[in-house]
2 protein chains.
Amino acid sequence: MTSPAVSSRDLPHPERDEIRLEGVLHALSDPMRLRIVRELAAAGAELSCSHFDLPVTKSTTTHHFRVLRESGVIRQVYQGTAKMNGLRADDLDDLFPGLLDALLDAAARQAVRIGSG
Amino acid sequence: MTSPAVSSRDLPHPERDEIRLEGVLHALSDPMRLRIVRELAAAGAELSCSHFDLPVTKSTTTHHFRVLRESGVIRQVYQGTAKMNGLRADDLDDLFPGLLDALLDAAARQAVRIGSG
DNA sequence: GGCGTACTACGATGCCTATCGTACGAGTCG
DNA sequence: CGACTCGTACGATAGGCATCGTAGTACGCC
């Protein structure tokens, strides 16, 4: 194949209008998921699940990505065997202007302060 | 007594440096608690627990206020039989500049959009 | 002291969830 | 086809948590 071609398997995402603030906050209140989102934002591009080296098993990683997707924080698309993950920054900015930036900034400040990132 | 006098009963609060972003987000990911925080912000002053008319029992209300306090979102002080609740906006703004405003704005926008506030 | 109000403490309950392990499906490459 | 990689599904487990009800404590007032 030339390009890996997007698989026919597609995943359920909430529409932009279905995204709830409570759901987003809950998704980001888990350290593992906050870390994933920070990495995605820092990369500024879509990353495969396997790119992340998290201190949990693959099952748990899958679980966290699903929570992020179902809460509307990320968008997931299959590309061959890989699943690419991208922040839904456009949708979030439209719904909650400035929130994502404030959250990422807050996470970065805390990482500096605590010294764990 | 002239003024209700702050009771000797005092409540454990996290120091500013102990406040964690994950804890704040988790606290605000509950609709009841987000509602409390929005009311506190709208009032711009300290409010007693009994001021809030929440669709849950008083036991549950106590629980929610404790979660908010222990996560560092609010400060609670006894004044006679009443317990006054105030947002820790100063501490939060110092730790996470702009975050509280962004969260309150996001909640307000969602309330308008959904039509439940 | 006695009463009423404001809030708490404790136990119970049912649900949600973070985690794991194993077994499996989908896709790519040789 | 066969092997390998990436990720999923499912079941289990243990802990957390939102909720309730009842009983109890602290405080102010009469």
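Computed from heavy atoms alone, side chains included, the values below leave out hydrogens, waters and symmetry copies.
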query = What are the two closest non-hydrogen atoms of Arg88(B) and Gly72(B), and how far apart are they?
reply = CD-O, 3.3 Å

query = Is it true that Asp90(A) and Arg16(A) have a side-chain N and a carboxylate O under 4.0 angstrom from each other?
reply = no

key: Between CG on residue Leu92(A) and CD1 on residue Ile74(A), distance to nearest 0.5 Å   = 11.0 Å

ask   = Picking from dT22(C), dG7(D), dC7(C), which would you name as closest to the side chain of Ser59(A)?
value = dT22(C)

key: Whole angstrom value for the distance that separates C1' of dG7(D) from CZ of Phe52(A)   = 14 Å

inquiry  = Can you measure Lys58(A) atom NZ to dA23(C) atom P for me and round it to whole angstrom units?
reply    = 15 Å

inquiry  = Please check: side-chain N/O of His13(A) versus main-chain N/O of Arg69(A), any donor-acceptor pairing under 3.5 Å?
reply    = no

Whole-Å distance separating the CD atom of Gln76(B) from the C1' atom of dC7(C) = 10 Å

request  = Side chain of Met32(A) only, please: which of dT19(C), dA9(C), dA18(D) is the nearest?
outcome  = dT19(C)

query = Between Thr57(B) and dC20(D), does any side-chain N or O lie under 4.0 Å from OP1 or OP2?
reply = yes

inquiry  = I need the CG-C1' distance between Leu68(B) and dA18(D), as an integer number of Å.
reply    = 13 Å

inquiry  = If you compare every side-chain N and O of Arg66(A) against the phosphate oxygens of dG7(D) (OP1, OP2), does one of them come in below 4.0 Å?
reply    = no

key: side-chain N/O Ser50(A) vs dG7(D) OP1/OP2, d < 4.0 Å   = yes

remark   = Side-chain atoms of Thr81(A) come closest, of dT28(C), dC17(D), dT5(C), to dT28(C)

request  = Using whole Å, report how far CZ of Phe65(B) lies from C1' of dC17(D).
outcome  = 18 Å

key: Under-4.0 Å side-chain N/O to phosphate OP1/OP2 contact, His51(A) with dC6(D)   = no

message = Measuring from the side chain of His63(B) (C-beta onward, heavy atoms only), which nucleotide among dC17(D), dC20(C), dG21(D) has the closest atom?
response = dC17(D)

remark   = Separation of dA18(C) atom P from His64(A) atom NE2, nearest Å, is 6 Å

ask   = What is the distance from NE2 of His26(B) to P of dG16(D), rounded to the nearest Å?
value = 11 Å

query = Is any side-chain N or O of Thr60(A) closer than 4.0 Å to OP1 or OP2 of dC20(C)?
reply = yes

Residues Asp30(A) and Arg35(A) bridged, charged N to O under 4.0 Å = no

inquiry  = Nearest whole Å is fine: how far is dA26(D) C1' from Met84(B) CE?
reply    = 17 Å

